[in-house]
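Data first, discussion second: the structure below is written as structure tokens.
These numbers were taken from a predicted model, which means no experiment stands behind them.
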Amino acid sequence: MSSSNFLLFSLALLIIPISVIPNFACASLEEANALLKWKASLQIPNNSLVSSWLPMNSNASAPCTSWLGIICNADGSIQTLNLTSSGIKGTLHRFPFSLLQNLTKFELSVNNFFGPIPPEIQLLSKLVYLDFSANKFSGVIPTGIGMLASLETLHLNENNLNGSIPQEIGQLTFLYELALYNNSLEGELSPSLGNLKNLAYLYLDNNKLSGPIPQEFGQLVNLVEVYITQNSLHGPIPKEIGNLKKLTILYLFQNHLNGSIPEEIGSMVSLEGLSLFSNNLSGSIPSSLGKLTSLNLLHLYQNQLSGHIPVELGNLKSLTNLAVSENHLSGSIPSSLENLSSLQYLSIRDNKLSGNIPQGLGSLDLVELEMDTNQLSGHLPKDLCHGGNLRFLSLNDNQLTGPIPRGLRDCRSLFRAFLSDNQFTGDISNSFGVYPSLDYLDLSHNKFYGQLAENWSKCKNLTALGIGYNNISGSIPPEFGNSTQLGRLDLTSNHIVGEIPKEIGKMKSMLYLSLADNQLSGNIPNELGSLRDLIALDLSTNRLNGSIPRNIGDWTDMYYLNLSNNKLSEKIPSEIGKVSQLTKLDLSHNFLMGEIPSEVQSLKILKILNLSHNSLSGSIPDAFEKLLSGIDINLSYNELTGPVPPYAIFVNASIQVFQGNPGLCGNVTGLKLCPSQNMMKKKDPFHHKLVIIIVLPLFGALLLGLLMCGLIAYQRQKKISPRQPSDEEGDDFFSISSFDGRVVYDEVLKATNDFDDAYCIGTGGYGVVYKAELQPNNVVAVKKLHSSSGNVDRKGFLNEVRALTNIRHRNIVKLYGYCSHALHSFLIYEYLEKGSIGSILSSDILAKELDWLKRIIIVKGVANGLAYMHHDCSPPIIHRDISIANILLDSDYEAHISDFGTSKLLKLDSSNWTAIAGTYGYIAPELAYTMVATEKCDVYSFGVVALEVIMGKHPGELITSLPTLAADYLLPANVGDPRIPPPSSLVEKQIKLVLSVSRACLNSNPHTRPTMRQVSNLLMENCL
């Protein structure tokens, strides 16, 4: 360049306005300062990316060079802001939306941001990628997001957002990925979704979306993956969905979709995963699914599908997972399934399938095979476990016959096998091999014969073995004692002889042991006392003799003990009182003698006691006064003598309880009256006159006294409004009530005859409950507190009572008030006619009145009451002792929670209250080491109650087995109360939900249990 030209170029630079030169420093500095102000409002850990954001001086490029999580454009403006997984807690209220005009990528995922997403987000007009997932954002999705015309990816999943999906999202024509799952989105799917022509990935799962899938859905022809699971969608699947030729994943499970599966799905040639389980789909499985040759997962289970399994499914050579269980499918299993060379998981259980199992299925390299609860017959495939990978096999409840094939006998990969309730035959000693991975095996209710082999003791991971109800003979091998990991052994109803080997005492993990209904003889070995974790023992209907071992007291966790129908003799050991968690004790049909030990009074939660058909003598002990009222008791056919005492457990007792004891007497129909109760039928005239002279004046005085008391009570009643809770104090009297406390105190004492046992309707750890009729049609329940309740903080106690009297909920027993006197202190509650759910379930007659719908309503009621206590009371109330004994029913079988707050009110001393509040069998496991009761402890107890209501009995060891049971084991057919008829298909689905919820509540990790609000909402939305 010449010198003259260079001079002209220099002059030109001088005259160019300085404003047209990009001011990179100013732009970058303004954005940076705005971000620093936002940073000041956040809670930031030391190792966070934002910790690198330091104030700047003249170094304008600092945000682009030294601030982590920042990427800038060429002009120095911020292009990308990525703070993923930075541990930040805060809001977006001070975020500088208006200044970051050039932001194209904005990521805040996996942090602790909360509050709403501000509407100013629409100012980020160049945004292409937005990810706010895995935070705690709440409120609605702002409509302004629909203004982000360049947006391709939107992730708002895993937050607490609610409301519906804004229709404005339909304007995002460049949207490529939309993820809104794990929020609380409500409303229907908008037809405007059809505007998102470029949408490829749509994730809306785990929300509260309702309504149908719009037909416009079929216009999203670029869709690749769709997840709209765990919502409340209903209506049919639109046939237009067949237009989605690029779709690889279609997951619509756990909704309320109905109608048939459209044939047009067969046109979705790219489909790899189709999951429609847990809906209300009906009709047949379309044969067009056989065209989806890329399909590797097909889940259609838990619907109402009928007809045959289409033979065309045999064309799906890529299929690895096929589940059509829990439908109404019929006909035979098509032999074309033998062609599914890639198949690993096959589930067709709980249908109406019949015929033989195709032999060719044995050649498949299956990992799981479920065919239980059908009508299948014939032999098992010879090559079953062909590939050596079979881990889970469930074939129970069919009509399968023949021996166990060699392929299964040598299947070393087997982890769980359920073969019960069939007609399998063969010698048990050589029908099974050694399985190094086997955890659970159930062979019960078949026709196996032969003797038990020691091979079972070589299965070192076996925790449960059931061979009951077969034709097994011989003795129990002593080698069984080497199975120290075995927790459940059931050999019920076989022909086993010999003695119980003492080596069983080495099985320290044993929880459930049943050797009932065999021909065992000899003594009960003392070594069984070493099984300290045993919770259920059944040795009934054998030929055992000798005495009951005195170390029975070592079974401190046992809830079920049945030694009936043997030849046991001598006395019932006093150590029986140490087995304090027993709910059922059956010693009937033996030769036991001596008196009933007084230590039975320690069996405070006993529900069934059968001592009948022995040679017990002496009188009925006073210890029975301490047992629960409503207990199912049988003392018949012994040699008991003396009067039947007027204890609560004998109120309304029938002659069947006492018959066969010639020496018993009392006021029971069928028993002779005791001498003191006999009235002289003939009296001389002087005697009659004397009676009249004495009785008439006394009667007149009594009548006058009652009249005066009534007038006084009436005057006092007028002084206090019946609607306003009030406190009364005196030298020796105090009350908190909505009535005249002094008057009611006197009336309660009168109505219960000074708390006579005849009015007792229940006992507990902190008081005895009486029924008191204060006036005609005004019956209350009165809990007379133990004297040790005086040890509590009086001020705190009274404040709690005042708060509890204000609680009003249809599923919570009403607390009317509290009365305290030097002699007695008691709480007054609403009286419920039907009593506790526990007393009803313990009676075969009463339990039959609780049909399935009533049981579902009971569970819903308990959930509603607990949700109110946990989430609507301030402060929240933790019950601490949820059990079936504390769930009372009114005349309409509506559930009412009783004893709420009592365990918090009464911090009794160690002589009346254990360190862990609650009833054994319902206590959350974490209480054993935290000693702190939380709402999640109540959730666990609710799970036990819900399961018990459906089963009709305490779930016992089933609770500890839940983590190892298959997810679909909890079905009415497996665990439902057998005393009532099977439920209809509609009701069965609701029962399955209750069982599923109970399983979630019984999780050993309290943090993974749902809240009672979540449980209540789920049951309210899905149950009648």
Working for side chain to side chain donor-acceptor pair (under 3.5 Å), residues N811 and E894: CA-CA 7 Å; N811 297 116; E894 180 83 358; 3.0 Å; yes
Minimal heavy-atom distance between L664 and L671, with the atoms involved, is O-CD2, 4.1 Å
Is the shortest heavy-atom distance from the side chain of R488 to the side chain of Y440 under 4.5 Å? yes
Is any side-chain heavy atom of H896 closer than 4.5 Å to a side-chain heavy atom of D890? yes
Side-chain (D533) to main-chain (S509) donor-acceptor, under 3.5 angstrom: no
Which heavy atom of V644 sits nearest to which heavy atom of F650, and what is that distance? CG1-CD1, 4.0 Å
Whether the side chain of N518 engages the backbone of N494 through a donor-acceptor N/O pair (distance < 3.5 Å, no angle test) should be reported. yes
Taking C-beta and beyond as the side chain, do H879 and N886 meet within less than 4.5 Å on heavy atoms? yes
Check: L462 main-chain N/O paired with Q485 side-chain donor or acceptor under 3.5 Å: yes
What distance do M558 atom CE and L537 atom CG have between them, rounded to the nearest 0.5 Å? 5.0 Å
Does Y922 have its ring centroid less than 6.0 Å away from the ring centroid of H954? yes
Please enumerate all residues that pass ring-ring contact (aromatic ring centres under 6.0 Å, His included) together with Y770, with sequence neighbours excluded. F755
In the structure I gave you, are the side-chain heavy atoms of L587 and L609 within less than 4.5 Å of one another anywhere? no
Closest non-hydrogen atom pair, C937 against A924: CA-CB, 3.9 Å
With sequence neighbours left out, what residues match S836 under side chain to side chain donor-acceptor pair (under 3.5 Å)? S839
Say whether, by atom type as modelled, one donor and one acceptor occur between the side chain of N1003 and the main chain of A1000 under 3.5 angstrom. no
For a quick check under 3.5 Å, do T492 and D517 share a side-chain donor-acceptor pair by atom type? no
Side chain to side chain contact (heavy atoms under 4.5 Å, CB included) between L465 and W456, worked out: CA-CA 9 Å; L465 176 62; W456 298 115; 4.1 Å; yes
Would you say that more than 12 heavy atoms from the other residues, nucleotides or ligands in this model lie under 6.0 Å from the NZ of K953, or not? no
Listed partners of N551 passing side-chain contact (heavy atoms from CB on, under 4.5 Å), at least two apart: N526, P549, D554
If every non-hydrogen atom of N610 is compared with every non-hydrogen atom of N634, which pair is closest and at what distance? OD1-CB, 3.6 Å
Gap separating the CE atom of M951 from the CG atom of N974, nearest 0.5 angstrom: 10.0 Å
Measure from the side-chain N and O atoms of K992 to the backbone N and O of L971, and report whether any donor-acceptor pair falls under 3.5 Å. no
Roughly how far, to the nearest 0.5 Å, is the CH2 atom of W852 from the CD1 atom of I857? 14.0 Å
Does any N or O in the side chain of S540 come within less than 3.5 Å of the main-chain N or O of N565, such that one atom is a donor and the other an acceptor? no
Given 3.5 Å as the limit, does a donor-acceptor pair link the side chain of N470 with the main chain of G468, or not? yes
Give the C-alpha distance, both sets of side-chain angles, the deciding distance and a yes or no for side chain to side chain donor-acceptor pair (under 3.5 Å) between T463 and D439. CA-CA 5 Å; T463 63; D439 171 75; 3.0 Å; yes
Distance from R880 atom CZ to S941 atom OG, nearest 0.5 Å? 12.0 Å
Could you check if a side-chain atom of I897 sits within less than 4.5 angstrom of a side-chain atom of I887, using non-hydrogen atoms only? yes
By ring-ring contact (aromatic ring centres under 6.0 Å, His included), H445 pairs with (sequence neighbours left out) Y469
Using side-chain heavy atoms (C-beta onward) and a distance below 4.5 Å, is L528 in contact with L534? no
Any salt bridge between K607 and E948, counting N to O under 4.0 Å? yes
Apply the test side chain to side chain contact (heavy atoms under 4.5 Å, CB included) to residues V782 and V769: give CA-CA distance (whole Å), side-chain angles for both, the deciding distance (0.1 Å), then the verdict. CA-CA 5 Å; V782 179; V769 184; over 6 Å; no
How long is the gap from CD1 on I596 to CG on L640, to the nearest 0.5 Å? 5.0 Å
Measure from the side-chain N and O atoms of N566 to the backbone N and O of S564, and report whether any donor-acceptor pair falls under 3.5 Å. yes
dist N590:CG -> L611:CG (nearest 0.5 Å) comes out at 10.5 Å
N-O pairing of R855 and D977 below 4.0 Å: yes
Does atom NZ of K508 have more than 12 heavy-atom neighbours, drawn from other residues, nucleotides or ligands, at distances under 6.0 Å? yes
Could you pull out all residues at least two apart from E575 that satisfy side chain to side chain donor-acceptor pair (under 3.5 Å)? R550
Determine whether R543 and L520 make a side-chain contact, defined as any pair of heavy atoms from C-beta on separated by less than 4.5 Å. no
Looking at D538 and A516, would you say the former's side chain and the latter's main chain have a donor-acceptor pair under 3.5 Å? no
So which atom in I980 and which in A847 form the shortest heavy-atom distance, rounded to 0.1 Å? CG2-O, 3.9 Å
Treating S996 as the side-chain partner and L993 as the backbone partner, does any N or O pair qualify as donor plus acceptor under 3.5 Å? no
For the residue pair P972 and L995, what are the closest heavy atoms and their distance? N-CD1, 4.0 Å
Test side chain to side chain contact (heavy atoms under 4.5 Å, CB included) on I467 and L452; report intermediate values, then the result. CA-CA 10 Å; I467 319 181; L452 296 171; 3.9 Å; yes
Does NZ belonging to K506 count more than 12 external heavy atoms closer than 6.0 Å? yes
Do Y560 and Y512 have ring centres separated by under 6.0 Å? no
Under the side chain to side chain donor-acceptor pair (under 3.5 Å) rule, collect the residues that match up with D421, sequence neighbours excluded. none
Other residues, nucleotides and ligands only: do more than 12 of their heavy atoms fall within 6.0 Å of NZ on K854? yes
Show the numbers, then the answer: is there a side chain to side chain contact (heavy atoms under 4.5 Å, CB included) between L635 and F624? CA-CA 12 Å; L635 304 176; F624 280 12; 3.7 Å; yes
Answer yes or no: is there a side-chain heavy-atom contact under 4.5 Å between L489 and M510? yes
Any side-chain donor paired with an acceptor under 3.5 Å for N661 and E639? no
Among side-chain atoms of S602 and S580, is any donor-acceptor pair under 3.5 angstrom? no
